[in-house]
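Both backbone and side-chain heavy atoms feed into the values below; hydrogens, waters and symmetry mates do not.
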Amino acid sequence: MDLAKKLVEVREDANLTRAQLVELLGEKGIDVKAYTIGKWETGASKPTVEVFLAICDICRVLDIRQTFAGTRLMRLYDTPVSAGSGNYMDDGAHEMIEVDNTVPNTADYAVRISGDSMMPRFVDQQIIFVHEQPALDEGEIGIFCLNDDVYLKKLGRGCLISLNSKYEPIPIGEYDELRVFGKVVG
């Protein structure tokens with residue numbers, strides 16, 4: 001698919017009119033007219049790299065993981081997720097990494113593992129891919145935040161379970177705050 005067709009597709013997928021895109025670009029300090037976007041979308045001209053990246057951001061192209069060149073970019077968070085005793089989740093700083101077609105299309109972001117509690121399936125420093133979702137079924141493996149500590153674990157009945165038998169399950173108490181960040185998909 002060529003750039004012009006892809007620009008139309010991502011704008012329409014974001015449910016934006018050309019006028020709305022002009023307004024959103026304006027909020028980013030980029031002054032363009034609707035007819036200019038029309039020229040990009042017909043292939044008569046092309047946006048600058050700066051404008052192109054702004055359109056990607058506005059239309060959430062990076063978040064839906066498909067870039068114009070056919071490669072996929074995905075967020076890799078700086079703070080590793082604990083496969084052990086828990087890490088505090090910081091400000092959400094991340095870098096964009098390029099991934100290939102072996103990464104499931106359902107993956108929304110990536111995290112690096114710290115620890116060995118999920119061995120042998122997951123190893124220390126391995127990058128895993130996560131689908132954002134607010135709940136998991138018992139027995140599913142995901143990223144959990146329990147009282148501000150973030151873990152890679154399997155959801156058990158009233159606890160978070162490690163795959164490595166040398167680690168005891170982490171109980172989820174009545175007054176504990178448990179949030180699900182997503183399901184591990186790769």
Exercise: identify the closest heavy-atom pair between A54 and L25:
CB-CD2, 3.7 Å
Is it possible for you to say whether I37 and V8 belong to one hydrophobic cluster, with membership spreading through side-chain heavy-atom contacts below 4.5 Å?
no
State plainly whether one hydrophobic cluster holds both L146 and I161, where clusters connect Ile, Leu, Val, Met, Phe, Trp and Tyr through side-chain heavy atoms under 4.5 angstrom apart.
no
P104 side chain near V185 side chain, heavy-atom distance below 4.5 Å:
yes
Correct closest heavy-atom pair for P80 and S114 would be CB-CB, 3.7 Å
Starting at CG of L21, measure out to SG of C59 and round the result to the nearest 0.5 Å.
5.5 Å
Identify, with sequence neighbours excluded, every residue that meets side-chain hydrogen bond (donor to acceptor under 3.5 Å, both in side chains) alongside K39.
none
Without swapping roles, check the side chain of E12 against the backbone of E9 for a donor-acceptor pair under 3.5 Å.
no
Main-chain N/O of M118 paired to N164 side chain as donor or acceptor, under 3.5 Å:
no
As a quick check of understanding, evaluate side-chain contact (heavy atoms from CB on, under 4.5 Å) for K166 and D116, giving each step before the final call.
CA-CA 10 Å; K166 75 178 188 180; D116 67 350; 3.2 Å; yes
Donor-acceptor pairs under 3.5 angstrom involving side-chain atoms of residues 120-137: please list them, not counting sequence neighbours.
from, atom 1, to, atom 2, distance (Å)
D124, OD1, G115, N, 2.7
Q126, OE1, V123, N, 2.9
H131, ND1, T106, O, 2.9
H131, ND1, D108, OD2, 3.0
E132, OE1, R75, NH2, 3.4
Q133, NE2, A135, O, 2.9

I'd like to know if I30 and L7 are part of one continuous hydrophobic network [Ile/Leu/Val/Met/Phe/Trp/Tyr, side-chain heavy atoms within less than 4.5 Å].
yes
Would you please name every residue forming a side-chain contact (heavy atoms from CB on, under 4.5 Å) with T48, sequence neighbours left out?
E50, V51
Sidechain N-carboxylate O distance under 4.0 Å for E41, K5:
no
Kindly say whether G173 contributes a backbone atom to a donor-acceptor pair with the side chain of D176 at under 3.5 angstrom?
yes
How long is the gap from SG on C159 to NZ on K154, to the nearest 0.5 Å?
9.5 Å
Does the side chain of V32 come within less than 4.5 Å of W40's, by heavy atoms?
yes
Show the numbers, then the answer: is there a side-chain contact (heavy atoms from CB on, under 4.5 Å) between V81 and I113?
CA-CA 5 Å; V81 172; I113 297 171; 5.7 Å; no
Against the six-membered ring of Y167, is K153 placed for a cation-pi contact (under 6.0 Å from the centre, within 45° of the normal)?
yes
Taking the six-membered ring for Trp, is the centroid-to-centroid distance between Y109 and Y77 below 6.0 Å?
yes
Are there more than 12 heavy atoms of other residues, nucleotides or ligands under 6.0 Å from atom CD of E23?
no
Quick one: list whatever passes side-chain contact (heavy atoms from CB on, under 4.5 Å) with E177, sequence neighbours left out.
N147, R179
With sequence neighbours excluded, what pairs up with L24 under the side-chain contact (heavy atoms from CB on, under 4.5 Å) test?
L16, E27, I58
Whether E138 and R157 form a salt bridge (side-chain N of Lys/Arg under 4.0 Å from carboxylate O of Asp/Glu) is what I want to check.
yes
Does a side-chain heavy-atom distance below 4.5 Å link L155 with F144?
yes
So do I55 and R11 actually touch side chain to side chain, heavy atoms under 4.5 Å?
no
How long is the span from the NZ atom in K183 to the CD1 atom in I141, to the nearest 0.5 Å?
10.0 Å
Going by side-chain contact (heavy atoms from CB on, under 4.5 Å), name the residues that satisfy it together with K33, two or more places apart in sequence or in a different chain.
D31, Y35, T36
If hydrophobic clusters are built by linking Ile, Leu, Val, Met, Phe, Trp and Tyr wherever their side-chain heavy atoms come under 4.5 Å apart, do L163 and I143 end up in the same one?
yes
